[in-house]
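Here is the structure we will look at.
All chains are named by letter (A, B, ...) in the order of the sequence lines, taking the proteins before the strands, and each is independently numbered beginning at 1. Predicted, not measured: the structure shown is a model, and the values here were computed from it.
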Amino acid sequence: MDVRDILIEAVRAALVGLGVEPPGAVQLERPANPDHGDWSTNAALASAKAAGRNPRELGAELAARLGADPPAHVTGVEVAGPGFVNFRLADTWLHDVLRDVVAGGEDRFARHDAGAGERVIVEFVSANPTGPLHAGHGRGACFGDSVARLYERIGHPVQREFYINDRGTQMQLYADSLAARAAGDEVPDGGYNGQYIVDWAAAMPGDADPLEWGYARALADQREVLESLHIRFDTWFSERSMIGSGAVDATLADLRAADAAYDEEGAVWLRSSDHGDDKDRVLVKSDGEFTYLLPDIAYHRDKFARADRLVNVLGADHHGYVARVHAAMHALGYDPSELEVTITQLVNLQRDGQEVRLSKRTGDIVELAEVVAEVGADAARFTYLLQSVDSAQAFDLELVASQVNENPVFYVLYANARIHSIARRAAEAAVVRPDLVDTDLSVLGHPRELRLLRALHELPDTVLRAASERAPHQVTTWVRDLAADFHGFYHDCRVMGDGVDAGLTAARLWLVETVRIGLAVALDLLGIDAPEQMWRDGGEDD
RNA sequence: GCCCUCGUAGCUCAGUCGGAUAGAGCGACCGCCUCCUAAGCGGUAGGCCACAGGUUCGAUUCCUGUCGAGGGCGCCA
């Protein structure tokens with residue numbers, strides 16, 4: 001049983017015993033200051049007002065009652081500050097954490113069933129099939145994939161989807177650009193100017209249909225770079241397929257039936273302003289062509305038929321689009337709260353201290369494939385997931401590729417390498433780790449050891465929170481902290497060798513095993529493969 | 001003009017549905033390798049949490065406004 005459940009129950013019971021109605025949720029937190037104990041509750045502060053009591057006095061009574069019959073592991077209870085009740089615990093609660101981590105293992109530790117089987121579709125990337133993915137796409141790609149991993153970890157069946165906008169104006173411009181380059185001409189107005197157009201046009205067979213050939217070429221290129229980042233989609237959903245199936249026409253008919261669409265100036269409009277958009281939007285242009293919006297509405301209906309919750313990952317330049325889709329879903333009777341949209345802010349790619357523009361229209365792009373080739377898949381993923389997607393990111397190619405201290409990637413991977421190094425040394429020395437039940441964990445009392453166990457105790461909560469907030473960077477932050485705690489432990493606490501008796505070695509080997517498990521779980525959520533060995537290259541001082 | 005996101009150490013960023021003395025890395029300075037990988041560890045310096053109000057026992061956190069930065073406001077996607 002988790003120590004928090006033990007404490008919360010005890011607090012609740014003690015409040016009832018004092019004749020005070022407990023707050024709806026008794027909050028328990030880990031104080032930043034160790035002087036305030038191992039765990040702390042604000043229950044007295046939270047319930048004093050309703051009970052008409054002085055918070056500090058109520059806290060004192062609560063502490064006294066809890067101290068008279070202390071819950072498991074608790075060695076001291078005291079009131080502090082305005083009425084906090086602080087618990088001091090024996091190290092045994094952390095030894096229980098070690099057992100829990102080992103019992104769960106990589107597969108079940110920090111896994112939850114909170115998702116309760118609710119089906120989720122995560123749609124991300126969904127770049128136009130008109131060229132290679134650029135460095136900016138990488139952020140949405142790594143983010144979306146990691147969010148999908150988080151949802152899976154908390155019990156959701158997850159589908160990863162890529163929506164292919166394989167018809168329409170942009171597609172035609174792309175085909176015309178390819179054809180022009182193949183003929184040795186300049187691309188048409190508004191066409192694609194990138195160098196890749198020149199290269200691909202040169203590779204295109206003379207009898208090929210530029211649109212179909214270019215489509216296949218772009219898709220293959222995008223798929224290849226995504227796979228290099230360990231990202232695989234369950235579904236590549238073609239916009240065209242919905243034209244053929246009649247799904248788009250059916251959606252338009254339903255929008256009309258719901259009085260959510262009307263005709264004006266020869267076009268068909270969506271009454272999106274009835275649902276929060278600042279103006280109505282065109283669904284069918286006056287020339288009879290669909291805009292991007294109408295098939296996309298049909299696509300979202302298709303997704304709702306296959307899932308209970310939809311998650312869309314969009315770039316910052318598409319944020320204005322969110323209100324339209326929400327409006328359409330609302331008009332068609334879906335619950336907009338089941339469609340969650342995350343906007344990823346821009347990536348400012350830098351190289352040689354110079355900002356590099358990302359627009360594919362200008363032709364001055366840095367392809368995602370170049371980024372992966374230059375820094376490696378794992379460093380790229382780690383870097384994209386380093387910070388919240390709510391703020392713009394400066395991605396410095398020089399820095400991420402460099403094997404220097406300023407690069408946080410190696411710090412974490414090095415911790416993993418050290419763990420495996422210990423295992424190798426143990427095997428060489430024929431040190432055998434006894435069964436956990438035969439290991440006396442009470443010898444684990446060093447501050448470095450206890451810090452590690454505290455950190456591990458937080459991973460399940462971190463996973464839950466990161467999933468519900470769709471914030472994989474919280475896992476990144478956790479794993480960086482764990483790595484720091486491990487490096488400190490590694491430095492101060494030898495696992496085996498002179499002066500370390502067999503009992504301590506055994507307990508520390510189990511401790512290292514829990515760190516290995518925690519690291520493996522977290523890195524898997526980030527989609528990173530950590531090598532078991534790392535050796536610095538190019539050093540001069542060896 | 002309207003909409004979205006951001007503003008925390010010199011730099012890059014964390015900060016747990018409001019909690020006690022705001023953290024990390026890098027950079028700067030000072031230390032630590034006969035010992036499981038020094039891609040490591042320890043210490044010092046560095047803060048009006050952009051600004052002004054409001055909400056309350058308590059605000060970096062929630063609300064409003066101002067200023068600043070980035071992005072978006074096409075019958076493109």
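Of the P atoms belonging to rA59(B) and rA20(B), the separation is 11 Å, rounded to the nearest Å. If you take atom P in rU66(B) and the same atom in rG23(B), they sit 33 Å apart, rounded to whole Å. One P atom belongs to rG19(B), the other to rU61(B), and the distance between them is 10 Å to the nearest Å. Comparing the P positions of rC6(B) and rC62(B) gives a spacing of 9 Å, expressed to the nearest Å. Rounded to the nearest Å, the gap between the P atom of rU44(B) and that of rC35(B) is 29 Å. A gap of 26 Å separates the P atoms of rC11(B) and rG72(B), to the nearest Å. A distance of about 28 Å separates the C1' atoms of rC13(B) and rC32(B), rounded to the whole Å. Spacing of C1' atoms, rA14(B) relative to rC76(B), comes out at 38 Å, to the nearest Å.
Thr344(A) and Arg139(A) share no donor-acceptor pair across their side chains, judged by distance under 3.5 Å alone. Side chains of Tyr384(A) and Gln393(A): no donor on one and acceptor on the other come within 3.5 Å.
Contacts of Glu289(A) with the nucleic acid, taken as non-hydrogen atoms under 4.0 Å apart, are absent. Contacts of Thr477(A) with the nucleic acid, taken as non-hydrogen atoms under 4.0 Å apart, involve only primed sugar atoms and P, OP1 or OP2. If you check every strand for non-hydrogen atoms under 4.0 Å, Ala392(A) touches sugar and phosphate atoms only. Across all strands shown, Ala394(A) has heavy atoms under 4.0 Å from sugar-phosphate atoms exclusively, and none from any base. Contacts of Gln533(A) with the nucleic acid, taken as non-hydrogen atoms under 4.0 Å apart, include base atoms. Base contact: Leu45(A) has a heavy atom under 4.0 Å from a base atom. Across all strands shown, Gln345(A) has heavy atoms under 4.0 Å from base atoms, whether or not it also approaches the sugar-phosphate. Ala417(A) comes within 4.0 angstrom of a base, heavy atoms only.
Separating the CZ atom of Arg324(A) from the P atom of rG72(B) is a distance of 13 Å, rounded to the nearest angstrom. When the C1' atom of rC6(B) is taken as reference, atom NE2 of His473(A) falls 13 Å away, rounded to whole Å.
The ring of His36(A) lies on top of the base of rA20(B), close enough and flat enough: under 5.5 Å between centres, under 30° between planes.
Side-chain to base pairing of Ser40(A) with rA20(B): one donor and one acceptor N or O lie within less than 3.5 Å of each other. Under 3.5 Å, the side chain of His319(A) and the base of rC73(B) form no donor-acceptor pair of N or O atoms. Remark: the Asn86(A) side chain and the rA20(B) base include a donor-acceptor N/O pair separated by less than 3.5 Å. Judged by atom type and distance alone, Asn33(A) reaches the base of rU21(B) through a side-chain donor-acceptor pair under 3.5 Å.
The backbone N or O of Gly214(A) sits less than 3.5 Å from a side-chain atom of Tyr174(A), completing a donor-acceptor pair. In this structure, the side chain of Arg88(A) engages the main chain of Asp35(A) through a donor-acceptor pair within 3.5 Å.
In terms of phosphate contacts, Tyr411(A) brings a side-chain nitrogen or oxygen within less than 4.0 Å of OP1 or OP2 of rC41(B).
Not less than 6.0 angstrom separates the ring centroid of Phe489(A) from the ring centroid of His446(A).
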Note, RNA chain B 5' to 3' with Watson-Crick or G-U pairs under 3.5 Å encoded as ( ), [ ], | and . gives (((((((..((((.....[...)))).(((((.......))))).....(((((..]....))))))))))))....
